[in-house]
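For reference, the structure discussed in these notes is given below.
Given the structure is predicted, the values throughout are model-derived calculations rather than measurements.
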Amino acid sequence: KIIIMVYQYPTGLDAKSIALNIALTALFILPVVAFLYEEIAWNFTLFMTISFAVAFMIPPVGWKRPHPYSDNPENLPYPRRND
C-alpha cells in the first residue's frame, strides 16, 4: 500500500478569503456606482463598510493559518550580533 502525501495549497476558499474578496470587489466598484447611480451610492457605501467589518471579524481558519510558517519549529530568526 503506497501513501502519497500531497501538498495542500491555500486555495482561498475559506470564509475570510471570500469575505475579503467581496469587500474588495465592492471597494473597487464603489466609484463607478457613485458616479452612475447617485441614488444608491450611500447604500452601496454602507454595504461596503459592513462587508469590510465582517471580513475583518472573521477569524483566519484553514491550512497553516494565520501564517504559513508559524507552525514550523525550524523557522527561527537569526540571532542578533552583539556589537
Side-chain angles (χ1 to χ4, degrees):
K1 192 177 206 184
I2 298 175
I3 298 174
I4 298 174
M5 300 287 291
V6 178
Y7 178 73
Q8 296 177 354
Y9 291 100
T11 59
L13 295 177
D14 58 311
K16 187 167 187 84
S17 296
I18 293 171
L20 279 172
N21 285 339
I22 291 171
L24 287 171
T25 302
L27 177 67
F28 286 118
I29 293 175
L30 178 64
V32 175
V33 169
F35 182 75
L36 296 177
Y37 308 103
E38 294 178 11
E39 62 276 0
I40 63 167
W42 283 110
N43 291 338
F44 195 78
T45 305
L46 182 63
F47 167 75
M48 185 204 62
T49 306
I50 291 171
S51 64
F52 266 107
V54 168
F56 286 119
M57 286 190 289
I58 295 174
V61 293
W63 183 75
K64 284 199 170 186
R65 295 289 177 120
H67 191 271
Y69 305 111
S70 61
D71 295 334
N72 189 353
E74 291 140 10
N75 187 21
L76 297 174
Y78 290 114
R80 293 180 125 185
R81 291 187 296 164
N82 292 330
D83 291 332

Exercise. Indicate if Phe56 and Val54 have the same hydrophobic cluster label, given that clusters are the connected sets of ILVMFWY residues with side-chain heavy-atom separations under 4.5 angstrom.
Key: no
Quiz prompt | Ala34 versus Ala41, closest heavy-atom pair with distance | solution = CA-CB, 3.8 Å
Quiz item: Among the clusters formed by ILVMFWY side chains lying less than 4.5 Å apart, do Trp42 and Leu36 turn up in the same one?
Solution: no
Quiz item: Mind checking whether Tyr37 and Val32 have side chains closer than 4.5 Å, heavy atoms only?
Solution: no
Self-check item: Phe52 reachable from Ile22 in the ILVMFWY side-chain graph, under 4.5 Å edges
Solution: yes
Practice problem: Calculate, to the nearest 0.5 Å, the distance between atoms CG and CD1 belonging to Leu24 and Ile29 respectively. | Solution: 11.0 Å
Quiz item: Where does the angle between the aromatic ring planes of Phe47 and Phe44 fall among parallel (under 30°), tilted (30 to 60°) and perpendicular (over 60°)?
Solution: tilted
Quiz item: For the side chain to side chain contact (heavy atoms under 4.5 Å, CB included) test, which of Leu30, Ile50, Leu27 pairs with Thr45?
Solution: Leu30
